[in-house]
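A short worksheet on the structure shown next.
In what follows, every heavy atom counts, from backbone to side chain, and hydrogens, waters and symmetry copies are set aside.
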Amino acid sequence: DLHLSIRRQRQMCIRDSNNPQGGSDQADWIAPLLVDPSDHMKIYHFSDTMFVSDQFGEPNTWSVAGSPKLGILHHAAIAENNSNFVVVSRNAALMLSTDKGVTWKSISTGLPGFSVADICFDPKFDSTIVVCYERYEADIQKVFISHNLGKSWTNITFNLPNVSVRKVLNQVAGTGSFEEIIYVATNIGVYALIRETENSKKWIKVGKMLPNVTVNDLDINYSSLKLYASTFGRGLWELDVNYSVNSTGINAVSYTHLRA
């Protein structure tokens, strides 16, 4: 019985006897579990250690990939086109592996010393990583991006309101190096940063009809170009995101309420 959330990288929590650490206290309450984008039979479980199974978690198929030696890991992400690249976090610590978890190095330098709320890779450029922070302080330190696998970071909070940012998701929306849309799930809805160029600095509220409600998770279905927003207490919502980066109408389209 695998309980699926709606993450693009299919983040899950294990709730069956095939958990490599069933009954252990060495994993988070909802431990990250990711599917390898290049091999959908291969999954990774993160506790204080990174485990791998090449048979989708069947009994006796788990092995240890490695450990960043941070303690219990809270968040993890794997690059879309090169699954050697893995990023994990515990509180404010952020670490990168470029060999599927065998070795690790810190990439926290240049980031504020707050607990990371979420991590995502750019689905097109594997060297681009975005992190966000679930804080209410009015300090303009909510979202940061790196284009060089964490060697340096840029604050892209810009005009984002003083909101708590819970999830971050990156959508490819063109062919250029900076043609993308970055979505964040907040405590009052979804915001988007439409990046036509590296200098694009304006966040906008996405869509109509969605209540001012906490959004806990986001995902994009690229086959139908739909954005899904999972809320706290107000159900699941869907939005058409068939937009190029020069579109001006993303804030005018209405959400569809799928399920209460």
Side-chain angles (χ1 to χ4, degrees), residues 7-9 11 32 34 46 68 70 73-80 82 85-98 104-173 176-206 215-220 245:
R7 298 313 307 270
R8 172 166 171 74
Q9 294 172 332
Q11 183 165 321
L34 303 179
F46 298 83
L70 285 178
L73 303 173
H74 298 155
H75 304 283
I78 185 169
E80 190 72 21
N82 186 346
F85 296 167
V86 184
V87 175
V88 297
S89 73
R90 172 179 168 81
N91 300 328
L94 195 70
M95 298 196 74
L96 167 73
S97 173
T98 58
W104 298 86
K105 65 178 180 180
S106 173
I107 55 171
S108 300
T109 301
L111 291 172
F114 315 131
S115 291
V116 173
D118 197 25
I119 312 162
C120 81
F121 278 93
D122 186 299
K124 184 176 180 181
F125 300 101
D126 292 331
S127 59
T128 296
I129 306 167
V130 186
V131 298
C132 65
Y133 296 94
E134 188 178 353
R135 306 172 66 252
Y136 291 94
E137 286 76 5
D139 56 7
I140 316 179
Q141 297 188 85
K142 308 291 186 180
V143 189
F144 287 75
I145 193 168
S146 172
H147 293 292
N148 51 19
L149 286 175
K151 293 179 181 177
S152 61
W153 294 91
T154 301
N155 187 344
I156 57 171
T157 306
F158 303 138
N159 66 315
L160 193 66
N162 182 31
V163 292
S164 172
V165 180
R166 296 165 179 255
K167 296 291 179 182
V168 60
L169 184 65
N170 194 313
Q171 177 192 0
V172 173
S177 297
F178 293 98
E179 293 185 1
E180 62 186 355
I181 302 175
I182 299 174
Y183 299 94
V184 292
T186 78
N187 57 311
I188 57 170
V190 179
Y191 285 80
L193 177 64
I194 301 177
R195 306 191 77 211
E196 297 179 61
T197 70
E198 188 176 8
N199 296 319
S200 301
K201 297 181 178 181
K202 185 179 179 181
W203 290 90
I204 60 174
K205 190 79 175 287
V206 175
V215 177
N216 291 322
D217 214 346
L218 296 171
D219 196 16
I220 291 177
V245 293

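One distance of note links CG of Asp139 with CZ of Phe114; it measures 5.0 Å at 0.5 Å rounding. Summarising the geometry, atom CD1 belonging to Ile156 is positioned 11.5 Å from atom NZ belonging to Lys201; distances are rounded to the nearest 0.5 Å. Once rounded to the nearest 0.5 Å, the distance linking CD1 of Ile129 with CG of Asn148 reads 8.5 Å. Atoms NZ and SG, on Lys142 and Cys132 in that order, are 10.5 Å from each other to the nearest 0.5 Å. Rounded to the nearest 0.5 Å, atoms CG (Asp122) and CD1 (Ile145) are 7.0 Å apart. Here the CD1 atom belonging to Ile181 is positioned 7.5 Å from the CD1 atom belonging to Ile220, to the nearest 0.5 angstrom.
Between Asn170 and Val168, every side-chain heavy-atom pair lies at or beyond the 4.5 Å cut-off. The shortest side-chain heavy-atom distance between Thr154 and Phe144 does not fall under the 4.5 Å cut-off. Side-chain contact between Trp153 and Val131: present, with at least one pair of heavy atoms (C-beta onward) separated by less than 4.5 Å. Residues Val130 and Cys120 form a side-chain contact, since some pair of their non-hydrogen atoms from C-beta on lies under 4.5 Å apart. Within the 4.5 Å cutoff, no side-chain heavy atoms of Phe121 are placed close to those of Val86. Side-chain contact between Lys205 and Tyr191 is present, with heavy atoms from C-beta onward closer than 4.5 Å. For the pair Tyr183 and Gln171, the minimum side-chain heavy-atom distance is below 4.5 Å. Between Ile194 and Ile204, the closest side-chain pair of non-hydrogen atoms falls below 4.5 Å.
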Step-by-step side-chain contact (heavy atoms from CB on, under 4.5 Å) determination, Gln141 to Asn155
CA-CA 7 Å; Gln141 297 188 85; Asn155 187 344; 4.1 Å; yes
Residues Thr186, Val215; criterion side-chain contact (heavy atoms from CB on, under 4.5 Å); working and verdict
CA-CA 6 Å; Thr186 78; Val215 177; over 6 Å; no
Could you walk me through whether Val143 and Phe158 satisfy the side-chain contact (heavy atoms from CB on, under 4.5 Å) test, starting with their C-alpha distance in whole Å, then the side-chain angles of each, then the deciding distance to 0.1 Å, before giving a yes or no?
CA-CA 9 Å; Val143 189; Phe158 303 138; over 6 Å; no
Val184 and Val163: side-chain contact (heavy atoms from CB on, under 4.5 Å), yes or no, with the steps?
CA-CA 10 Å; Val184 292; Val163 292; over 6 Å; no
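Here the closest heavy-atom approach between residue Asp126 and residue Glu80 is recorded as OD1-N, 3.5 Å. Nearest heavy-atom pair across Ala192 and Val206 is CB-CG2, 3.3 Å. Of all heavy-atom pairs between Tyr136 and Asn162, the closest is O-OD1, 2.7 Å. Of all heavy-atom pairs between Val116 and Ile119, the closest is CG1-CG1, 4.0 Å. Counting all heavy atoms, side chain and backbone alike, Ile78 lies closest to Leu34 at N-CD1, 3.8 Å. In this structure, His75 and Ala117 approach most closely via the heavy-atom pair CE1-O, 3.0 Å.
Arg166 is linked by a salt bridge (charged side-chain N to carboxylate O under 4.0 Å, His left out) to Glu134, counting only residues two or more places apart in sequence or in another chain.
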For residues 87-95, which side-chain N or O atoms pair as donor and acceptor with protein atoms under 3.5 Å away, sequence neighbours left out?
from, atom 1, to, atom 2, distance (Å)
Arg90, NE, Leu70, O, 3.3
Arg90, NH1, Ile72, O, 3.0

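The backbone N or O of Phe85 sits nowhere less than 3.5 Å from a side-chain atom of Thr98 that would complete a donor-acceptor pair. Using modelled atom types, one side-chain atom of Ser146 and one backbone atom of Ser152 make a donor-acceptor pair closer than 3.5 Å.
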